[in-house]
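This report concerns only the one structure given below.
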Amino acid sequence: MPLALLALAVGAFGIGTTEFVIMGLLPEVADDLHVSIPTAGHLVSAYALGVVIGAPLLAAATARLSRRTVLIGLMALFVAGNVLSAFAANYDYLLAARFLSGLPHGAFFGVGAVVATTMVAPERKARSVSLMFLGLTVANVVGVPAATLMGQHLGWRATFLGVSVIGVAAIASLAFLIPHDHAQAPAVGLRREMAALRSLPVWLALGTTVAGFGALFSAYSYITPMLTDAAGFAEGSVTLLLALFGVGATAGNLVGGRLADHSLRGTLFGGLTSLAVVLALFPVLMTTEWTAALAVILLGVAAFVTGSPLQLMVMEKASAGPSLASSANQAAFNLANAGGAWIGGLALAAGFGATSPALAGAVLAVLGLGVAATAATVDRRRAVPGRERVVAAHVPQQAPALRP
């Protein structure tokens, strides 16, 4: 695997850290800026809104620029957002800075995935995407706990300055390691990118992402009350258990990338089925501490097995113009975050019990399987007889330089 994937992973590590660390620092931020914790919680939503808006917008605005330049520019915007967060004079300024920090998130992963797949042989595309996403999953194991401790001992502003340093390191890595093949503007213009995004198979792939990861966030958003109220863990143990989720996500991401290079659709169906089964078993697994810990790990594995296949599927279905669709898939991930949390909250509010969000997530996973099955049916109808297709009937067998 090319060393340039390390540069993408460093950027992903910084982005993953700044996205999730705010959740552990809400009390410190609320106390320092004299707002309530629920009000401080809007900082999480501001970042997610930035991702959803910025992913397609920035990908479209930079369609005619070289992908190397785009990646460096996006990481520079990420650094600016975190520096502004560190020096925010009040809550309103911090809210705006968090929105700014979220803008480059989706486009970075979207364009980065395109770059990653063009640097490897066709049979290693999914693994290249998984190695970039490795930075995101490792951030949940190492980056977020370390940054949270930094914020608790040195102040929350120090955390954002520390993340800014990671961003600067990512910029240097991108500048030195991304091949010069990506220093020229791609021939694919905005018109072709938009045309690729109008394809039905692309939207079915995006719908699978929303349903599949909505299943994860329906449960994960309420994992703390499940662990404390249902499994009986002390609140102080939750941080360690969330690190176990990160370990499971890292393992699932690596396994999913390797399996998807052999069978993209098979890995996707297997991952969604596993996710539905794990979530359906949560009411049983959350009855004892050791089975609850196992459930957290299995949730991470099952969910992130599908991460790389979903990203690659969207890119291949939009092969004529992959950058915009790839970035739109990151927006879909964040829509899944918000939608899954909302649906899980409805289950809790209805009084169905602490583990009811997991059951709601199981339903969403089954829905994701249904969308994926519909996509498979559409692909079969479009397939050319006598020619083997893995994902999309219109994907060329030879990989040109400007497609993933």
Side-chain angles (χ1 to χ4, degrees), residues 1-16 54-56 58-78 103-136 167 169-190 192-193 196-197 253 257 260-261 307-331 333 395-396 398-404:
M1 288 291 176
L3 190 60
L5 293 177
L6 175 62
L8 296 172
V10 172
F13 178 82
I15 289 174
L58 292 180
T62 59
R64 299 183 184 276
L65 300 177
S66 76
R67 287 169 180 152
R68 181 172 178 270
T69 300
V70 170
L71 289 171
I72 293 173
L74 291 171
M75 192 50 58
L77 182 60
F78 167 81
L103 286 176
H105 176 129
F108 181 87
F109 279 105
V111 176
V114 174
V115 171
T117 56
T118 57
M119 292 190 294
V120 298
E123 66 272 13
R124 293 191 174 187
K125 287 182 178 181
R127 267 177 283 183
S128 71
V129 174
S130 72
L131 288 178
M132 181 186 70
F133 283 164
L134 185 63
L136 181 64
I171 291 174
S173 301
L174 292 167
F176 283 106
L177 296 178
I178 295 297
H180 290 290
D181 293 348
H182 299 282
Q184 302 298 320
V188 179
L190 178 58
R192 287 183 64 186
E193 294 278 0
L197 195 59
N253 174 56
D261 279 328
S308 299
L310 284 170
Q311 187 71 35
L312 189 59
M313 183 171 63
V314 171
M315 290 161 55
E316 294 211 353
K317 289 180 181 296
S319 58
S323 295
L324 182 56
S326 181
S327 299
N329 195 49
Q330 294 300 313
F333 278 119
V395 177
Q398 297 297 321
L402 294 177
R403 67 173 290 274

- Ser326: side-chain hydrogen bond (donor to acceptor under 3.5 Å, both in side chains) partners, not counting sequence neighbours: Gln311
- For Ile72, all residues meeting side chain to side chain contact (heavy atoms under 4.5 Å, CB included), sequence neighbours excluded: Arg68, Ile171, Leu174, Ala175
- Spell out, as yes or no, whether a donor-acceptor pair under 3.5 Å connects the side chain of Asn253 to the backbone of Ser130. yes
- Shortest non-hydrogen contact from Leu74 toward Pro104: O-CB, 3.3 Å
- Message: Could you tell me if the side chain of Ile15 sits less than 4.5 Å from the side chain of Met75, heavy atoms only?
- Response: yes
- Are any of the side-chain heavy atoms of Leu324 and Pro56 separated by less than 4.5 Å? yes
- Is there side-chain contact between Ser173 and Leu6, with heavy atoms separated by less than 4.5 Å? no
- Message: Just verifying a value: how many Å separate Thr62 OG1 and Arg67 CZ, rounded to the nearest 0.5 Å?
- Response: 10.0 Å
- Query: If only atom types and distance count, is the side chain of Ser66 paired as donor or acceptor with the main-chain N or O of Thr69 below 3.5 Å?
  - Reply: yes
- Is any side-chain heavy atom of Leu58 less than 4.5 Å from a side-chain heavy atom of Leu77? yes
- If every non-hydrogen atom of Ser327 is compared with every non-hydrogen atom of Ala55, which pair is closest and at what distance? O-CB, 3.2 Å
- Under the ring-ring contact (aromatic ring centres under 6.0 Å, His included) rule, collect the residues that match up with Phe333, sequence neighbours excluded. Phe213
- Task: Output all residues satisfying side chain to side chain contact (heavy atoms under 4.5 Å, CB included) with Met132, sequence neighbours left out; order by chain, then residue number.
- Result: Leu8, Phe109, Ala113
- Query: Any ion pair linking Arg127 and Asp261 (charged N to carboxylate O, less than 4.0 Å)?
  - Reply: yes
